[in-house]
Structures are given as structure tokens and as C-alpha cells.
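A note on names: the letters A, B, ... follow the listed sequences, proteins ahead of strands, and every chain is numbered from 1. All of these numbers come straight from a predicted model, not from anything done at the bench.
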Protein chains: 2
Amino acid sequence: MTVSRTADPNVSKPARAAREPADAPEAEAGGIRMGELSELLGYSLKRAQLRVFDDFIRCMTSLNLTPAQFSVLLLIDRNPGRNQTEIASTLGILRPNFVAMLDGLEGRELCVRVRSANDRRSHILMLTDKGRTILARAKKLVATRHEARLNEVLGPANRAALLEMLATLARDF
Amino acid sequence: MTVSRTADPNVSKPARAAREPADAPEAEAGGIRMGELSELLGYSLKRAQLRVFDDFIRCMTSLNLTPAQFSVLLLIDRNPGRNQTEIASTLGILRPNFVAMLDGLEGRELCVRVRSANDRRSHILMLTDKGRTILARAKKLVATRHEARLNEVLGPANRAALLEMLATLARDF
DNA sequence: TATTGTTATACTCTATAACTATA
DNA sequence: TATAGTTATAGAGTATAACAATA
């Protein structure tokens, strides 16, 4: 295998990127240069998403709800009378994968599947009283712990601007 | 199982959220109300991240590089002489999972593992000539297709603001 | 023939324990 | 004893094909 580069950093270091002036040293993490990675939107997007989800899960430990479960409960509550296909596809969940997810929520008695009278193939989804109670508590935790902390770190104006740009990406990109 | 809510949307619809004035109708997706999901940063973060990664992969089809593989090649190139643990941990990849990833890159002759002379336990990572060629082409594709399109959709100023907020979240949140 | 929910299955990511060879 | 790379493994998440019931 051909390896023309030597192990000497001074010999093998690539030329500094044009957009990195000499007085603005390149971003590092633990002494390792991040290179163009600091400018790659997808990379920061992924890292930020993992952090935010971790915090969400931490805020929800008492209720034991994942982000996906929370979004499903929210959508069922807001859209009574919808079936599995409609709720799943809205969230980008494939129908086969939605089955186990609903089994879990129904097993915890947070929601129920009811055969539709109109179309006996489909299952109408609705929250149980317990499901509505949990959802209400979850919303409160999200607002007072999770989103409140995001507001602290970003500031309200930045938070709103960020949300709109992310929505733009999800919609138009 | 107790289900107090009826199937009638008018009866069971929850009160409109306080922050949604009557003249700003709630966001919908295919006729389904998104509820508080439109205001949940983590949700938009995830959807945006999936879109951006999909586009990245599409732009890279000719080189067959995933975002993770691209970031590994970039970091190896920028940090000659580093071992697997250092590169992997910088990217948030667990050492056991980094093995198969490197097997793939080394199998394609894009990089090599070399036993360190100082510490014969560790493998120094470096790109091959082929690896450097592929990386250069990948960078060009990312800049001219992927990031260029992000710039179109967001505008340069917004793109920069978004990147900084995401970096803030990844760092301080 | 088409659609809903479902099963089976597979592939990727991620996470942990434990082994080996070195230190 | 501690660390680097590795193996094995298990769990999520995601993807497709195909089946039964129903339209």
C-alpha cells in the first residue's frame, strides 16, 4: 500500500484553509484540529441534535417517555379519529415500525386502538385518561425544564430564529 | 380500559394553546395538526438533520462516502500521527464501533493503520494517496453542491447564524 | 385490485463487557 | 494495574417484502 505522507506533522500538514485567517486559530477538540468540520452544517446539526435529545430524555426520566413517544402522544391528542397510517406518516415513521411503538404505549395504557366503524381495516387512535394525564405532565416538564434551558443558553430571540431556520430546512431543503 | 374521550373531534379537541392566536392557524402536515411539536426545538432539529444528511449522501453518491466516513478522513488528514482512540473520541464514536469503520476505509485503501514505534499498542492513522485524492474530491463536492444549496435556501447570513447557534448548543447545552 | 395493520427480516447505529498485547 | 485495539453481543432505529382482513 502506498503512503507518501510521512509521520512528521510539519511535513504532512495540509495548507491552512483559505477562510481561516492566521489570527483566528482553527477550532480544536482535545488538541485535535476539526478542520472543515467546524464549517460543515450537517456535522453541527447532528451534534446539537444528540445533545438536545439527551437533555429531553433526561428531563423525561420520571415519565419514561422518549422524544418519539412524546410526539406520538401529542399527535394522537391533537388529532382524534386518525388511524395508524396517518399518525405514523406525519412523524416520518414507517407503518411496520409503528406497530411495536403503539404496542408499547397501549401496553402502558396510554392510548388505545379502536376498529373504525367506517373502514374496518383501520384502527382509530385515542389517548386514555392516563395517557392525557401523562401527556399534560410531559408538556409541563418540557416547557419548564427542557425548553427553558434552551432559552437560557440561546436567548429567546436566537431560539426563535433557530427554530424558524430549522423548519425552513425541514420544509424546503 | 377507560376511554372517556369520544371519537367526535369537536368534543375531544383540547383547548388551543395560549401562544397560538386565532389568526395564526396551527401548523398542519397533510391535514394533521402538529400542536406543540412545531415549537419543539428538538423535533425540528431532528427533521432538519435527516434532510441535510440525506442531501449530503446524495451529493456523495459518486464517491460513496457517508457523513461519518467523510469526517473520519478529514480528521485523519488534519491530524497526522493520531491513533484510533483519539480520532474516534473526537467524533463521538466509541472505540469498538470504530474498528469496523476503519476496516471499511482501509479495505478501500483510503487510509492505513501503522503500529506506533513509541507505543506498540496503538495504531497511528494516516491517509493513503488515494485517500487524499478522494477527500479532496469530496470536499469539492460538499462545497459546490451540498453547502452551496444550503446557502441558497438559508442565505449566507442565516447560514452563518445557524451554524453558530448549533455550535453553541453542541458546546454549552 | 388497493389499502390497513401486521409479521418477518435485515441492516445500520449505538452501547457494554471482556479479551490480547502491550505499557 | 492500566491502556489500545479488538471481539462478541445486544439494543435501538430504520428499511422492504409479503400476508390476512377489508375495501
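- Shown here is B:Arg95, whose CZ atom has more than 12 heavy atoms of other residues, nucleotides or ligands within 6.0 Å.
- Take the nearest nucleotide of DNA chain D for B:Asn83 and for B:Leu50: the residue whose nucleotide is more 5' is B:Asn83.
- For the pair B:Leu65/B:Arg108, a side-chain contact is recorded, criterion being any heavy-atom separation below 4.5 Å from C-beta on.
- A:Leu50 belongs to no hydrophobic cluster, as no Ile, Leu, Val, Met, Phe, Trp or Tyr side chain comes under 4.5 Å of its own.
- To the nearest angstrom, C1' of D:dG5 lies 15 Å from CD1 of B:Ile87.
- When the side chain to side chain contact (heavy atoms under 4.5 Å, CB included) test is applied to A:Thr144, the partners found at least two apart in sequence or on another chain are A:Lys140.
- Looking at A:Thr66 and A:Gln69, their side chains come closer than 4.5 Å, going by heavy atoms from C-beta outward.
- If you measure from atom CG of A:Asp54 to atom P of D:dA12, you get 16 Å, rounded to the nearest angstrom.
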N/O to N/O distances under 3.5 Å, protein versus nucleotides 19-23 of chain D:
| unit_1 | atom_1 | unit_2 | atom_2 | d |
| --- | --- | --- | --- | --- |
| D:dA23 | OP1 | A:Arg120 | N | 2.8 |

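- If you chain together ILVMFWY residues whose side-chain heavy atoms come under 4.5 Å of each other, B:Val153 ends up grouped with A:Leu41, A:Leu45, A:Val52, A:Leu150, A:Val153, A:Leu154, A:Leu162, A:Leu163, A:Met165, A:Leu166, A:Leu169, A:Phe173, B:Leu41, B:Leu45, B:Val52, B:Leu150, B:Leu154, B:Leu162, B:Leu163, B:Met165, B:Leu166, B:Leu169, B:Phe173.
- Between chain B and DNA chain C, the heavy-atom contact criterion of under 4.0 Å yields a 5' to 3' nucleotide range of C:dT14 to C:dA23.
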### Query
Given A:Met34 and A:Glu28, is the side chain to side chain contact (heavy atoms under 4.5 Å, CB included) satisfied, shown in steps?
CA-CA 6 Å; A:Met34 298 302 288; A:Glu28 288 189 11; 5.8 Å; no
### Task
Any chance you could lay out the side chain to side chain contact (heavy atoms under 4.5 Å, CB included) test for B:Leu102 and B:Cys111, step after step, and finish with the verdict?
CA-CA 8 Å; B:Leu102 273 186; B:Cys111 70; 3.9 Å; yes
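- Checking A:Asn83 against A:His123 by side-chain atom types alone, no donor-acceptor pair falls below 3.5 Å.
- Near DNA chain C, meaning a heavy atom under 4.0 Å from it, residues 90-101 of chain B has B:Leu94, B:Pro96, B:Asn97 in order of number.
- In this model, a donor atom of one side chain and an acceptor atom of the other lie less than 3.5 Å apart for A:Arg113 and A:Gln84.
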